[in-house]
Structure formats: C-alpha cells, structure tokens
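This report refers to the structure that appears directly beneath it.
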Amino acid sequence: MIPGTARRTLETAPGVVLEFFEAGAGPPVILLHGFPELAYSWRHQVAPLAAAGFRVIVPNQRGYGASSAPQAIEDYDIEALAADVAAIIRWAGPPAVVIGHDWGAPVAWHAALRYPGLVRAVGSLSVPHAARAPRPPLDLMRSAAGPDHIHYIDYFQQPGLAESEFEADVRAGLAGFYWSISGDAPREERFRPIRRGSRFIDSFAPPAALPSWLTEADLQVYVDAFTASGFRGGLNWYRNVNRNWERSADLAGAVVRQPALFVTGSRDPARNPPAIERLREVVPGLRVFAILEGCGHWTQQERPGEVTALLLEFLGALDA
C-alpha cells in the first residue's frame with residue numbers, strides 16, 4: 001500500500017493480527033494513524049526516514065485496513081491499543097520511537113506511560129498529551145455542547161449510527177470530512193457543530209475539487225479500504241473514551257519522561273489550545289514544538305515536507 005515498503009503481519013493479542021508496512025534498517029520508528037485514515041497517511045514520511053537510517057514501521061491499527069476488527073467495543077480501549085504497539089516494539093527489538101497522529105496520538109502517549117522501557121521517545125501530531133480530566137470525558141463534552149448541539153464524539157456513541165451515514169456514500173463522506181477540517185477549507189465549508197436532531201454527515205460536504213495534498217488516487221486508497229472494512233472498528237475507538245478515563249486512574253498526575261515532539265496546525269480543530277499551553281507541565285522533555293501556520297488537521301499529508309523535516313530534526317537529536 002505504501003510504495004517502497006514490505007507488508008508484514010503480526011499477532012499482537014490472541015486473535016488480533018495487525019498488518020503493517022516496513023522500510024529501512026536501524027532504530028525502529030513506529031508511526032500511528034488516526035480516524036478515518038490508514039497507515040497510508042504516513043506515505044510521505046516513510047522513505048525519507050528510512051533513508052536517514054531508521055527502521056520505519058507503519059501499522060494499520062486494529063479496526064482498519066486488513067488488520068483484525070474485533071466486534072466487542074471494549075477491544076478498542078486505550079490499553080488494548082497501546083498493548084498492540086508494545087507487541088510491535090517487542091517484535092522489532094526495543095526501544096522504539098513512537099509518533100501518532102489524531103487517535104494515534106493518545107495511543108503513542110499512553111504507550112510511553114505504560115511501557116517506558118519500550119518507548120525511548122514519543123511524539124504526536126494534532127493532539128497534545130493532557131493531564132487526566134477531572135470528570136468522565138463524555139460528561140465534559142455534553143456540558144460544552146449545550147442544549148442545542150451534540151459533540152461529535154457523543155454522537156458516535158450509538159453503534160451503527162455514524163457507520164450507516166459514512167457507508168451510504170464512502171467517497172463523499174471521506175472527501176467531505178477530510179476537506180472540512182483541513183487548512184484549505186474556507187470558513188463557510190468547514191465542519192459545523194452538529195445540531196440535535198441532525199446527522200453527523202450533514203455537518204460537512206465534499207469539496208468542488210480535491211485539495212492539492214489529496215489526489216484522486218490517494219482518496220481511492222481510503223475509499224477502497226473503508227468500503228471493504230466499514231467504519232465500525234474506527235468508531236469503536238470513540239466508544240471507549242469513558243472506559244479509557246476509568247482505566248487510567250492510576251496515571252493521574254503521571255508525567256511523560258521521554259524526549260518528545262508535538263506538531264499541529266493553526267487551523268486544526270483538534271489542537272486543544274489549553275492543553276498546548278500546559279503541555280510542558282505533563283511533557284517536560286518536549287524538544288520539538290511547532291504550530292504550522294494555515295495547516296489543518298491532516299498534518300503529515302497537508303504539510304509533508306515540513307512534518308518530515310521536524311521528525312528528522314527530532315530523531316537526529318535523540319542520541320546527540
């Protein structure tokens with residue numbers, strides 16, 4: 001799927017087999033994608049990182065692509081997802097650097113906290129690490145949404161609802177969602193808050209033309225994959241937000257000690273400014289920090305050159 005890589009599979013848990021793509025030789029670097037994406041979202045970074053002397057490993061996480069997609073919602077909690085990463089690191093030979101985008105970000109941060117002996121450095125794009133919330137996340141989201149709107153993660157809680165909307169027209173759903181939270185979308189075409197009684201899919205629309213960073217061939221890779229897999233696996237990650245909070249009680253007050261990186265876009269709706277302001281409190285080893293002006297949510301695809309350069313800067317300085 002990613003040019004210049006070898007496709008491999010690994011059983012990371014009983015009955016769970018992940019497919020991943022590998023290139024290069026040297027210290028392992030694991031790149032984790034988010035929703036609704038694939039390992040393919042890192043296509044621009046693989047070859048440069050491999051050429052720089054790293055063993056780049058890019059999985060389709062559970063529920064995505066040809067990787068296993070368990071039926072049980074709890075099989076997608078943060079503990080299971082971080083354990084998948086730990087299994088890949090043990091297979092590759094620890095320690096590894098783990099970088100995540102979108103949902104891959106909390107998985108990367110959690111792996112760093114749960115498996116400090118396996119993760120030598122960590123980073124994220126779009127989603128910063130944050131201290132444990134004082135209350136269950138869904139409670140906070142519902143309070144913030146108010147009486148007239150519903151937070152999109154709250155909307156995703158009903159199994160089958162968002163799946164049916166995306167799967168009715170996979171291409172339109174993906175193209176519209178990608179466009180609406182990208183840096184290219186004008187204000188009137190950006191993702192709109194979901195009004196109660198409305199559908200998630202009505203909060204955005206496909207663009208008149210794809211942006212330069214997403215070709216028709218790129219989009220088709222995603223369309224083919226999600227047409228085959230459906231969206232249930234990826235959406236099940238969201239259905240664990242309260243469970244993740246409950247299961248991480250022992251990490252309240254925990255600090256990420258590894259060297260770290262954080263990169264986001266100035267137009268990324270997931271960037272969470274309050275968490276960014278306090279990032280060094282919970283990640284004191286933050287070495288690379290960048291906000292890419294005008295960039296939206298799909299950081300490594302919208303700004304491939306800049307993201308690759310920042311990753312290489314971070315990786316190159318680890319042993320300095």
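Bear in mind the structure is a predicted one, so any value in this text is a computation, not a measurement.
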- Phe200 and Phe156: aromatic ring centres closer than 6.0 Å? yes
- Mind checking whether Leu210 and Trp179 sit in one hydrophobic cluster, side chains of I, L, V, M, F, W, Y counted as touching below 4.5 Å? no
- Message: Salt bridge or not between Arg192 and Asp202? Use side-chain N to carboxylate O under 4.0 Å.
- Response: no
- Message: Whether Glu167 and Arg232 form a salt bridge (side-chain N of Lys/Arg under 4.0 Å from carboxylate O of Asp/Glu) is what I want to check.
- Response: no
- Query: Which is it for Glu19 and Arg8 under the salt bridge (charged side-chain N to carboxylate O under 4.0 Å, His left out) test, yes or no, and what are the steps along the way?
  - Reply: CA-CA 6 Å; Glu19 70 168 347; Arg8 311 207 186 282; over 6 Å; no
- So does Asp77 pair up with Arg247, basic N to acidic O under 4.0 Å? yes
- Does a salt bridge link Glu281 with Arg278, judged by any charged N lying under 4.0 Å from a carboxylate O? yes
- Item | Salt bridge Asp250-Arg114, side-chain N to carboxylate O under 4.0 Å | yes
- Task: Please round to the nearest 0.5 Å and tell me the distance separating atom CG of Asn240 and atom CD of Gln157.
- Result: 8.5 Å
- Report the relative orientation of the aromatic rings in Phe35 and Tyr64; use parallel for angles under 30°, tilted for 30 to 60°, perpendicular for over 60°. perpendicular
- Message: Assess the residue pair Arg243 and Glu79 against the criterion (salt bridge (charged side-chain N to carboxylate O under 4.0 Å, His left out)); give the C-alpha distance rounded to whole Å, side-chain angles, the decisive distance to 0.1 Å, and a yes or no.
- Response: CA-CA 10 Å; Arg243 178 182 172 87; Glu79 301 294 344; over 6 Å; no
- Query: Checking Thr215 side chain against Asp218 main chain: does a donor-acceptor pair fall under 3.5 Å?
  - Reply: yes
- Item | same_hphob_cluster(Val127, Ile99) at 4.5 Å side-chain heavy-atom cutoff | no
- Is the Tyr238-Tyr76 ring centre distance short of 6.0 angstrom? no
- Do Arg271 and Glu277 sit within salt-bridge range, that is, some charged N less than 4.0 Å from a carboxylate O? no
- Query: Relative to the ring of Trp42, is the ring of His101 parallel (under 30°), tilted (30 to 60°) or perpendicular (over 60°)?
  - Reply: perpendicular
